[in-house]
Amino acid sequence: MRPLRIFEEFAKEGIARKVSPDMARARHLIHESEKRERFIRSAFEKLGISDDNANCFIENCFDALIELIRARSIADGFNCSGEGAHEAEVAYMRKLGFSEKDTRIMNELRYFRNGVTYYGKEFDKEQAEKMFDFMKKMYPLLKSKAEAVVNK
């Protein structure tokens, strides 16, 4: 996995574009993320994480977090699309004041999710547990960042 570039590089390439802030879309993304986060926690309580469902947890943890990052970027007037859009959204975490370590782990989660979705990769229980713990830590922080702008 190559190092994550800075957000401004994605803007120069047109992957991240300046747009009018869209608070309705941002609120919708927060709402969808809330539903996904509840689902993940419920699945964890009822099923736990195993080698058989590790990929599902990885995908859903990524989706719950990226929806919050996307909500904030859209509320701030940025839209990311095309090849590299998820990478640009992860890079946006730096603009929100997140540490390089947390940004790197989120990029790792993105990389794992892409492995599952596009390349048929299989992850194990331990990797999914690590990403679930990361999601639990980051979810309230990202949600707070998104809601701070949307609920003004």
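Keep in mind it's a predicted model, so treat the numbers as computed, not measured.
The residues Asp102 and Lys137 are annotated as salt-bridged, a charged nitrogen and a carboxylate oxygen being separated by less than 4.0 angstrom. Remark: Glu67 does not engage Arg70 in a salt bridge, criterion side-chain N to carboxylate O under 4.0 Å. A salt bridge links Asp76 with Arg72; the closest basic N to acidic carboxylate O contact falls under 4.0 Å. A salt bridge between Lys143 and Glu34 is present, with a side-chain N of the basic residue lying under 4.0 Å from a carboxylate O of the acidic one.
With hydrogens and angles disregarded, a donor-acceptor distance shorter than 3.5 Å links the side chain of Asp124 to the backbone of Gln127. A donor-acceptor pair under 3.5 Å links the side-chain atoms of Thr103 to the main chain of Ser99, judged by distance alone.
Under the 4.5 Å side-chain heavy-atom criterion for grouping Ile, Leu, Val, Met, Phe, Trp and Tyr, Ile15 is not connected to Met106 through any hydrophobic cluster.
Using a 4.5 Å heavy-atom cutoff, the side chains of Asp51 and Glu122 are not in contact. When side chains are defined from C-beta on, Arg113 does not count as touching Phe123, because their heavy atoms never get closer than 4.5 Å. In this structure the side chain of Leu65 reaches within 4.5 angstrom of the side chain of Phe134, judged on heavy atoms. For the pair Phe62/His86, a side-chain contact is recorded, criterion being any heavy-atom separation below 4.5 Å from C-beta on. Ser33 is listed as a side-chain neighbour of Tyr139, based on a closest heavy-atom distance under 4.5 Å.
The nearest pair of heavy atoms linking Ala128 to Ile49 is CB-CG2, 3.6 Å. Residue Phe10 comes nearest to Ala91 through the heavy atom pair CE1-CB, 3.9 Å, listed as atom of the first residue, atom of the second, then distance. Nearest approach of Val149 to Ala75, heavy atoms of both residues: CG1-CB, 3.6 Å. The heavy-atom pair separating Ser50 from Lys125 by the smallest distance is C-CB, 3.9 Å. Taking all atoms of both residues into account, the shortest heavy-atom contact from Leu109 to Ile58 is CD1-O, 3.7 Å. The shortest heavy-atom contact between Ile40 and Ala64 is CD1-CB, 4.0 Å.
Atom NZ of Lys121 has 12 or fewer heavy atoms from other residues, nucleotides or ligands within 6.0 Å. Within 6.0 Å of NZ in Lys18 there are more than 12 heavy atoms belonging to other residues, nucleotides or ligands. By the neighbour-count criterion of 12 heavy atoms within 6.0 Å, atom OH of Tyr111 is sparsely surrounded, having that number or fewer from other residues, nucleotides or ligands.
For the pair Lys130 and Phe112, the cation-pi test (distance below 6.0 Å, angle within 45°) is failed.
Residue Lys95 holds its NZ atom at 12.5 Å from NZ of Lys145, rounded to the nearest 0.5 Å. One finds the CG atom of Leu96 at 11.0 Å from the CG atom of Leu141 (value rounded to the nearest 0.5 Å). Taking CG of Leu68 as the start and CD of Glu32 as the end, the distance is 11.5 Å to the nearest 0.5 Å. Taking CD1 of Ile66 as the start and SG of Cys61 as the end, the distance is 13.0 Å to the nearest 0.5 Å. Taking NZ of Lys136 as the start and CD of Glu37 as the end, the distance is 10.5 Å to the nearest 0.5 Å.
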Yes or no on side chain to side chain contact (heavy atoms under 4.5 Å, CB included) for Leu4 and Arg94, after CA distance, side-chain angles and deciding distance? CA-CA 11 Å; Leu4 184 64; Arg94 292 181 183 126; 3.7 Å; yes
For Glu147 and Arg27: C-alpha separation, side-chain torsions, deciding distance, then whether salt bridge (Lys or Arg N to Asp or Glu O under 4.0 Å) applies. CA-CA 8 Å; Glu147 289 179 333; Arg27 277 190 290 278; over 6 Å; no
Could you go through Met131 and Phe57, starting from their C-alpha distance and side-chain angles, then the distance that decides it, and tell me whether this counts as side chain to side chain contact (heavy atoms under 4.5 Å, CB included)? CA-CA 8 Å; Met131 292 303 146; Phe57 272 92; over 6 Å; no
With salt bridge (Lys or Arg N to Asp or Glu O under 4.0 Å) as the criterion, how do Glu45 and Arg41 come out once you've worked through the C-alpha distance, each side chain's angles and the decisive distance to 0.1 Å? CA-CA 6 Å; Glu45 289 170 11; Arg41 286 185 183 270; over 6 Å; no
Assess the residue pair Arg17 and Ser81 against the criterion (side chain to side chain contact (heavy atoms under 4.5 Å, CB included)); give the C-alpha distance rounded to whole Å, side-chain angles, the decisive distance to 0.1 Å, and a yes or no. CA-CA 8 Å; Arg17 295 179 323 281; Ser81 62; 2.7 Å; yes
Would you check, one step at a time, whether the test side chain to side chain contact (heavy atoms under 4.5 Å, CB included) holds for Asn107 with Glu87? CA-CA 7 Å; Asn107 194 44; Glu87 205 173 345; 4.3 Å; yes
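No option in Glu100, Met138, Arg104 other than Met138 meets the side chain to side chain contact (heavy atoms under 4.5 Å, CB included) test with Met93. The one candidate from Ile74, Ile69, Val150 that meets the side chain to side chain contact (heavy atoms under 4.5 Å, CB included) condition with Leu29 is Ile74.
Applying the salt bridge (charged side-chain N to carboxylate O under 4.0 Å, His left out) test to Asp22 and every residue at least two apart in sequence or in another chain returns nothing. Take Asp63 and apply the salt bridge (charged side-chain N to carboxylate O under 4.0 Å, His left out) test, not counting sequence neighbours, and it matches Arg36.
Note: Phe7 and Phe78 meet the aromatic proximity criterion, with ring centroids under 6.0 Å apart.
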